[in-house]
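FYI, side chains are in, hydrogens and waters are out, and symmetry mates aren't considered; it's all heavy atoms of this structure. Predicted model, so just to flag it, every value in this text is computed and none were measured.
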Amino acid sequence: MTANECIIGRRSVRRFTNQPVPHDILEKIVETASYSPSWKNTQITRYIAVEGEKKAALAKCTSLFPGNGVIMENAPMVIAVTIIKERSGYERDGSYSTPKGDRWQMYDAGAASEAFCLAAYEQGLGTVIMGLFDEEEASKLLELPEERELAALIPIGYPAESPTAPKRKTVDDLLSYQS
């Protein structure tokens with residue numbers, strides 16, 4: 001599969017089969033995602049694979065958008081994407097490197113999340129990146145240490161659907177040139 005085929009073919013999957021995600025495949029996905037770019041190579045993204053009873057409890061942390069809980073319940077596994085705080089976008093003395101402040105942390109988490117989803121797609125798995133959940137409740141359930149922050153939740157599994165691509169903007173809408 002080419003990079004082009006992978007990027008164009010990957011869809012947000014919201015319905016999964018009951019087939020579990022093999023841990024050895026998940027480890028390959030994480031290894032591939034570890035090559036995503038990060039601020040000054042800080043590599044702040046960390047993944048937590050959540051299954052079983054804890055996954056069911058995590059699905060209840062979706063009062064902001066209950067539909068996400070249904071999707072998580074349906075998936076055999078949910079990946080909690082976390083970051084190590086105060087590294088990406090920071091200097092060693094703790095000051096910000098740019099006027100963007102701590103926003104580089106989420107940029108890095110986003111790049112790593114998309115790399116994770118593309119690597120999962122290559123392995124025949126479906127994913128959807130979720131941002132609507134009760135972050136405080138989910139972080140407490142996952143027992144995240146103070147230096148970590150929950151960035152996203154990614155249900156993952158073998159797809160029980162083949163979503164079609166939504167309409168895309170044209171290149172003319174997306175690209176401009178300046179001289």
Between [atom1] of [X] and [atom2] of [Y], what distance do you get to the nearest 0.5 Å?
X	Y	atom1	atom2	value
L150	L141	CG	CG	10.0 Å
I8	M1	CD1	CE	11.5 Å
E147	I83	CD	CD1	11.5 Å
E149	R46	CD	CZ	14.0 Å
I48	L58	CD1	CG	9.5 Å

Residue pair [X] / [Y]: nearest heavy atoms and the distance that separates them:
X	Y	answer
F133	A138	CD1-CB, 4.3 Å
P76	P20	CB-CA, 4.1 Å
L132	N68	O-ND2, 3.0 Å
S97	W39	CB-CZ2, 3.1 Å
T45	D108	OG1-O, 3.9 Å
A112	A33	O-CB, 4.2 Å

Over 12 non-hydrogen atoms of neighbours within 6.0 angstrom of [atom1] in [X]:
X	atom1	answer
D24	CG	yes
E31	CD	no
K85	NZ	yes

Would you tell me whether S88 and Q105 have side-chain atoms, one donor and one acceptor, within less than 3.5 Å of each other? no

Regarding S95 and D93, is there a side-chain donor-to-acceptor distance under 3.5 Å anywhere?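 A donor-acceptor contact under 3.5 Å links the two side chains.
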
Side-chain heavy atoms of [X] within contact of [Y], under 4.5 Å:
X	Y	answer
W104	T98	yes
I129	E114	yes
S38	K40	no
R10	T127	yes

Please list, chain by chain and in numerical order, all residues satisfying side chain to side chain donor-acceptor pair (under 3.5 Å) with T82, sequence neighbours excluded.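 Once residues adjacent in sequence are excluded, the partners of T82 under the side chain to side chain donor-acceptor pair (under 3.5 Å) criterion are R148.
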
Taking [Y]'s backbone N and O only, do any of them form a donor-acceptor pair with [X]'s side chain (distance below 3.5 Å, no angle check)?
X	Y	result
R87	I84	no
T62	A59	yes
K54	L142	no

Please say yes or no: joined through hydrophobic side-chain contacts below 4.5 Å, possibly via intermediate residues, are [X] and [Y] part of one cluster?
X	Y	value
Y177	V171	yes
M72	I156	no
M130	Y47	no
I29	M77	yes
L26	V78	no

Verify side chain to side chain contact (heavy atoms under 4.5 Å, CB included) between K100 and Y107, making sure each step is shown before the conclusion. CA-CA 11 Å; K100 294 204 181 299; Y107 186 88; over 6 Å; no

Among E137, E135, K140, which residue meets the side chain to side chain contact (heavy atoms under 4.5 Å, CB included) test with C61? E137

How far apart are the C-alpha atoms of I79 and F116, what are their side-chain angles, what is the distance that settles it, and do they pass the side chain to side chain contact (heavy atoms under 4.5 Å, CB included) test? CA-CA 10 Å; I79 302 299; F116 179 94; 3.5 Å; yes

F16/Y158 aromatic ring centres below 6.0 Å: no

Could you walk me through whether V70 and R14 satisfy the side chain to side chain contact (heavy atoms under 4.5 Å, CB included) test, starting with their C-alpha distance in whole Å, then the side-chain angles of each, then the deciding distance to 0.1 Å, before giving a yes or no? CA-CA 9 Å; V70 174; R14 293 172 176 87; over 6 Å; no

Can R11 and E161 be counted as an ion pair, charged N to O under 4.0 angstrom? no

